[in-house]
A.B. asks: 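Next up is a structure, given as structure tokens.
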Amino acid sequence: MLIVMDKDASQAQIESVIAKIKALGFEAQPIPGGERTAIGILGNPGAVDPAMFADLPGVIQAIPVSRPYKLVSREWQRADTMITLPGLELGRGHFVVMAGPCAVESEEQALTIARAVKAAGAKIFRGGAFKPRTSPYSYQGLGEEGLKILKRVREETGLLIITEALDHEVLELVAQYADIVQLGARNMQNFTLLRQAGRCGKPVLLKRGMSATLEEWLMAAEYILAEGNPQVILCERGIRAVGSHARNILDLSTIPAVHRESHLPIVIDPSHAAGIRYLVPPLARAAVAAGADGLLIEVHHSPDTALSDGVQSLYPDQFERLMGEIKDLRPGSWD
Ligand code: PEP
Ligand code: MN
């Protein structure tokens, strides 16, 4: 339930609505807007009768929120969320490309790729320092040393940094270095991590689990918002595939579906969906055409020797060509 207050409602009227919500044993969340304040009711096990609030002084409307997720829903907040980063915005018409290797391997590797993706127009550098690998024998990342390399990349190139927090033990450390904290597909329902990400003080990119429904994904995002962090970017990276022509199936229907259901921005990762290089550019172009708010793309200057995901990483010149094509598809919306 969302209680919409009159634009002339007094502070005392707002407080008495909050007191009534609390007296019923629920949680009240005031949402100040440009014009008027709304107060959300959370923690109610079943439907709340709008009539209990509709006639209170200062209330103009009590709107039932029909979805199981609240804070992330379009019903709760009509305007698109804009992610505010240092010198950069994402969402609400601001389109951003994040690119870089799957994993940070060395300072030289990271800087070489960062310079190339920056020259092509990327604004955010991606690279895992802590890697979620299917096999315990695969490359696991450089850990904190990788984060330090990312910091140097940021200092030298001015690119912002997105990197993954693999578990709740490293989240705080990752948040000190990252401009955006990535939560991976395998962690989408790691509720301890989601809650902690809600308190980390940095924007969070939440990947869709590889067999998660849209509702489960939005409920996972709800955990982060419920802890007080409204800066969440959703990222579709493909769901379990049948057949072997692609690593996963890129579900582009999530773009309009997320935009309908939620105010949060959605970014597409065609690299992990494709699993193979030649599929990445067409999938990226399709995502842009379908209205994605950004892209997350793996790029490597030497994919054959990459320690992870080389076969799906674009060569820098392919990435540059793709950026040109994207600009043709989406002119005028670049920061
Ligand atoms: C990644 O972005 O490198 C990654 C591991 O992605 P995902 O969680 O989507 O598999
Ligand atoms: Mn990868």
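What's counted below: heavy atoms across the whole structure, side chains too, no hydrogens, waters or symmetry copies. All ligand and atom numbering here is 1-based and tracks the order in the structure.
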A.B. asks: Show me which atoms of ligand 1 lie under 4.0 Å from any heavy atom of Arg237.
C.D. replies: 7 (P), 9 (O), 10 (O)
A.B. asks: To which of Gly141, Ala185, Pro132 does the heavy atom nearest atom 8 (O) of ligand 1 belong?
C.D. replies: Ala185
A.B. asks: Taking NZ, NE, NH1 and NH2 as the nitrogens, is one of them in Lys207 or Glu236 under 4.0 Å from a carboxylate oxygen of the other?
C.D. replies: no
A.B. asks: Do the side chains of Arg247 and Asp309 get close enough for a salt bridge, i.e. N-O under 4.0 angstrom?
C.D. replies: yes
A.B. asks: Would Glu164 count as a polar contact of ligand 1, with the cut-off being nitrogen or oxygen pairs under 3.5 Å?
C.D. replies: no
A.B. asks: N/O of Asp309 under 3.5 Å from N/O of ligand 1, yes or no?
C.D. replies: no
A.B. asks: Tell me, do Asp179 and Pro86 make a side-chain contact under 4.5 Å, heavy atoms counted?
C.D. replies: yes
A.B. asks: Taking the Mn ion (ligand 2) as the vertex, what is the angle from OD2 of Asp309 to NE2 of His272, given to 10 degrees?
C.D. replies: 100°
A.B. asks: If I consider every N, O or S atom in Glu298, which one ends up closest to the Mn ion (ligand 2)? I only need its name.
C.D. replies: OE2
A.B. asks: Does ligand 1 have an atom under 4.0 Å from some heavy atom of Gln182?
C.D. replies: yes
A.B. asks: Check this for me, if you would: do Lys70 and Glu222 make a salt bridge, where the nitrogen-to-carboxylate-oxygen distance has to be below 4.0 angstrom?
C.D. replies: no
A.B. asks: Does the N or O separation between Lys131 and ligand 1 drop below 3.5 Å for any pair?
C.D. replies: yes
A.B. asks: Are Leu295 and Tyr278 in one and the same hydrophobic cluster, where Ile, Leu, Val, Met, Phe, Trp and Tyr link if side-chain heavy atoms are under 4.5 Å apart?
C.D. replies: yes
